[in-house]
Amino acid sequence: MTDGLPLQNLLLERDGAVAVVTVNRPQVLNALSFATLEELHRTFAALGDDRTARCIVLTGAGEKSFVAGADINELAVQSPVTGRERAQAGQRVFDAIENLGTPVIAAINGYALGGGCELAMACTIRIAADTAFLGQPEINLGLIPGYGGTQRLARIIGTGRALELLLTGDRVSAAEAFRLGLVNRVVPAAELMPAARTLAAAIAAKAPIAVRYILEAVHRGVSLPLAEAQSLEAALFGLVASTDDMREGTQAFLAKRTPSFKGT
Ligand code: COA
């Protein structure tokens, strides 16, 4: 399924049409080392190319943390050049996740701080355990977010709320993150993975081309003027009308039966 190279920092599991990726460095609360970022990049690239993987769940190993940020050991020794390169590399990985064409559900099982919050924000949908905490604490390290956090946080929760979180570095509970609109829902910790898998399976059963076009319309459209964004929507609407799955979906409705989508 992936390029065959072994994964040192991630676990990859398949459950039918759902893939589960787990960041697996629990001894450092799943902090994102450069090597982990690289593994995320190639794993998600391979999953994006795999049309049988129709929805992905991303989580962290252990009960304490989703991802506790970039690896501070590496940040501590960065130079201006490596710092810039690191931010660009992280942005490339997170952009690739956001624009994969396959929905990614972040199952936030604990701390999602700094790069961990940025990673969750690059995902399509965020479900948090009631024990989770989210935040952008970079300011406490004399840093700023570098993996898209200043931009995605403001787009998801609005500039005023984003600036308060970014400037204080304060962590918010899952309940507060829900109130801010930063996570879609909060569930008891024990129900997190079942809830994420159930949602992933439900999305995986939808018409795959329509799923991809919805992702494209929303993600590309949001940075376009409304008229251009709606023109994109209309073009994708026209294109989806050429699919077998549209015929199947509409005919199944009229025949009062459950549709069976094939991705063509
Ligand atoms: N990078 C590297 N190591 C990290 C890390 C990170 N982002 N976050 C945690 N760790 C390591 C700790 O250094 C510690 O290692 P040790 O056992 O060798 O001492 C281990 O993970 C456990 O963390 P610890 O701090 O002991 O757990 P805690 O429960 O007391 O606190 C946090 C948890 C998440 C509040 C705390 O680890 C923290 O603030 N982490 C950094 C968060 C951050 O600033 N992220 C943004 C980075 S840009």
Side-chain angles (χ1 to χ4, degrees), residues 7-11 21-41 58-95 97-98 106-123 126-157 161-178 180 182-183 186 189 192:
L7 296 169
Q8 309 291 337
N9 304 294
L10 302 181
L11 301 173
V21 178
T22 305
V23 181
N24 187 32
R25 303 181 76 213
Q27 67 286 1
V28 286
L29 306 186
N30 305 320
L32 295 178
S33 60
F34 207 78
T36 310
L37 271 181
E38 190 275 327
E39 288 187 14
L40 278 173
H41 205 182
L58 174 63
T59 192
E63 290 178 1
K64 202 167 166 185
S65 182
F66 173 71
V67 165
D71 192 316
I72 297 173
N73 297 295
E74 293 179 2
L75 295 181
V77 294
Q78 69 189 349
S79 69
V81 170
T82 59
R84 181 167 182 263
E85 287 171 355
R86 183 184 187 91
Q88 289 172 332
Q91 288 169 2
R92 270 196 301 276
V93 179
F94 291 10
D95 285 353
I97 291 173
E98 186 173 76
I108 305 170
N109 55 308
Y111 291 116
L113 301 176
C117 190
E118 291 171 299
L119 179 58
M121 289 192 290
C123 294
R126 286 161 287 286
I127 305 183
D130 56 0
T131 50
F133 285 89
L134 294 87
Q136 297 288 160
E138 288 88 346
I139 188 85
N140 299 328
L141 301 169
L143 277 167
I144 71 169
Y147 297 164
T150 58
Q151 303 311 305
R152 287 197 178 91
L153 189 61
R155 282 167 171 77
I156 293 172
I157 68 171
R161 290 163 163 180
L163 282 165
E164 185 175 342
L165 286 188
L166 292 163
L167 292 174
T168 61
D170 285 349
R171 303 195 284 263
V172 293
S173 66
E176 176 67 359
F178 176 73
L180 292 170
L182 183 52
V183 299
V186 181
L192 178 66

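In listed order, ligands and their atoms are each counted from 1.
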Heavy atom of protein inside 4.0 Å of [atom], strictly below:
atom: atom 19 (O) of ligand 1; result: no
atom: atom 1 (N) of ligand 1; result: yes
atom: atom 38 (C) of ligand 1; result: no
atom: atom 12 (C) of ligand 1; result: no
atom: atom 31 (O) of ligand 1; result: no
atom: atom 48 (S) of ligand 1; result: yes
atom: atom 8 (N) of ligand 1; result: yes

For ligand 1, which part of A31 has a heavy atom less than 4.0 Å away: the side chain, the backbone, both, or neither?
-> side chain

Residue portion contacting ligand 1 (non-hydrogen atoms closer than 4.0 Å) for L75 | side chain

Let me confirm one number: the [atom1]-[atom2] distance from [X] to [Y], rounded to the nearest 0.5 Å.
X: R92; Y: Y147; atom1: CZ; atom2: OH; value: 11.0 Å
X: F34; Y: Q78; atom1: CZ; atom2: CD; value: 11.0 Å
X: L40; Y: F94; atom1: CG; atom2: CZ; value: 7.0 Å
X: Q151; Y: M121; atom1: CD; atom2: CE; value: 10.0 Å
X: C117; Y: R152; atom1: SG; atom2: CZ; value: 11.5 Å
X: E138; Y: E118; atom1: CD; atom2: CD; value: 5.5 Å

How far is [atom] from its nearest protein heavy atom, and which residue and atom name does that atom have?
atom: atom 36 (C) of ligand 1; answer: L29 CD1, 4.6 Å
atom: atom 44 (O) of ligand 1; answer: P137 CG, 3.5 Å
atom: atom 45 (N) of ligand 1; answer: A68 O, 3.1 Å
atom: atom 10 (N) of ligand 1; answer: V28 O, 3.7 Å
atom: atom 28 (P) of ligand 1; answer: K64 NZ, 3.7 Å
atom: atom 35 (C) of ligand 1; answer: R171 NH1, 3.4 Å
atom: atom 15 (O) of ligand 1; answer: Q27 O, 4.3 Å

How about [atom1] on [X], more than 12 heavy atoms from neighbouring residues, nucleotides or ligands closer than 6.0 Å, or not?
X: E38; atom1: CD; result: yes
X: I144; atom1: CD1; result: no
X: E63; atom1: CD; result: no

Look only at the side chain of N9 and the backbone of N24, and say whether a donor-acceptor pair between them is shorter than 3.5 Å.
-> no

Give a yes or no on whether the backbone of A107 and the side-chain of T59 come within a donor-acceptor separation of less than 3.5 Å.
-> yes

Any E74 heavy atom less than 4.0 Å to ligand 1 =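 Contact check E74 vs ligand 1: negative.
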
Would you please test V93 and L119 for side-chain contact (heavy atoms from CB on, under 4.5 Å) and show each step?
-> CA-CA 9 Å; V93 179; L119 179 58; 6.0 Å; no

Measure from atom 41 (C) of ligand 1 to every heavy atom in L113, L143, N30, I72 and give the option owning the shortest one.
->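 Minimum heavy-atom distance to atom 41 (C) of ligand 1 goes to I72.
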
Test of proximity, A70 against ligand 1: N or O pairs below 3.5 Å |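 Yes, there is a polar N/O contact under 3.5 Å.
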
Considering the heavy atoms of E138, write down every atom of ligand 1 situated less than 4.0 Å from one of them.
-> 48 (S)

